Amino acid sequence: MYELFINVKKFIHLSAFNCAVLGALFFNSMESNSFIEYIVFGIGTGLGFFIASYLIAVSYEKLNSPEVPQAFRGLPATLIYLGILSMVFFAVTGKIPQI
């Protein structure tokens, strides 16, 4: 089982990138857009994925430091961090629903 995990671990980042690219492609193809809009959407998707990946990579050391309690170190702290980050991105887009 451990050998399977080691083999799969090598390809996780590639599959996440492929899911982001294909998801953006399918999302964009639902509407009829011009070629320029496809190009801008593709560049924006790539830039957004790069920024998100960079922010996760920068925070990795701090989220796994000894200052973080053992129970939250690793994946739990990363998921909390990603939740806060997604709320920030949601607020920056200005599409907060009105109650």
Side-chain angles (χ1 to χ4, degrees):
M1 188 67 168
Y2 182 73
E3 294 84 19
L4 177 66
F5 172 74
I6 294 299
N7 291 333
V8 170
K9 184 179 169 184
K10 297 175 190 175
F11 301 106
I12 293 295
H13 64 285
L14 295 174
S15 64
F17 179 75
N18 287 336
C19 288
V21 170
L22 287 174
L25 176 67
F26 291 141
F27 181 72
N28 195 25
S29 65
M30 290 190 302
E31 300 176 9
S32 59
N33 296 324
S34 68
F35 183 70
I36 300 298
E37 289 175 342
Y38 282 117
I39 297 296
V40 171
F41 190 81
I43 291 171
T45 301
L47 186 63
F49 188 77
F50 173 76
I51 290 171
S53 299
Y54 178 74
L55 289 174
I56 293 170
V58 167
S59 68
Y60 181 77
E61 289 294 323
K62 293 183 181 181
L63 293 176
N64 291 320
S65 71
E67 296 174 5
V68 177
Q70 181 67 31
F72 290 107
R73 206 172 295 160
L75 184 63
T78 304
L79 290 176
I80 293 170
Y81 174 71
L82 288 175
I84 294 170
L85 211 72
S86 66
M87 288 188 287
V88 169
F89 286 143
F90 190 67
V92 168
T93 61
K95 296 182 180 179
I96 299 175
Q98 301 296 323
I99 298 176

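These figures come from a predicted structure and were not determined experimentally.
Checking each of Leu85, Val88, Leu82 against Leu55 for a side chain to side chain contact (heavy atoms under 4.5 Å, CB included) leaves exactly one that passes, namely Leu85.
Residues Ala71 and Pro76 come closest through the heavy atom pair O-CG, 3.7 Å. When every heavy atom of Val68 is checked against every heavy atom of Lys62, the shortest pair comes out as CG2-O, 3.5 Å.
Of the inter-residue distances, the one linking Ile84 atom CD1 with Leu79 atom CG reads 11.5 Å to the nearest 0.5 angstrom.
Both Ile80 and Met87 are members of a single hydrophobic cluster when ILVMFWY side chains are connected at heavy-atom separations under 4.5 Å. Note on Tyr81: it does not cluster hydrophobically with Tyr54, by side-chain heavy-atom contacts below 4.5 Å among ILVMFWY residues.
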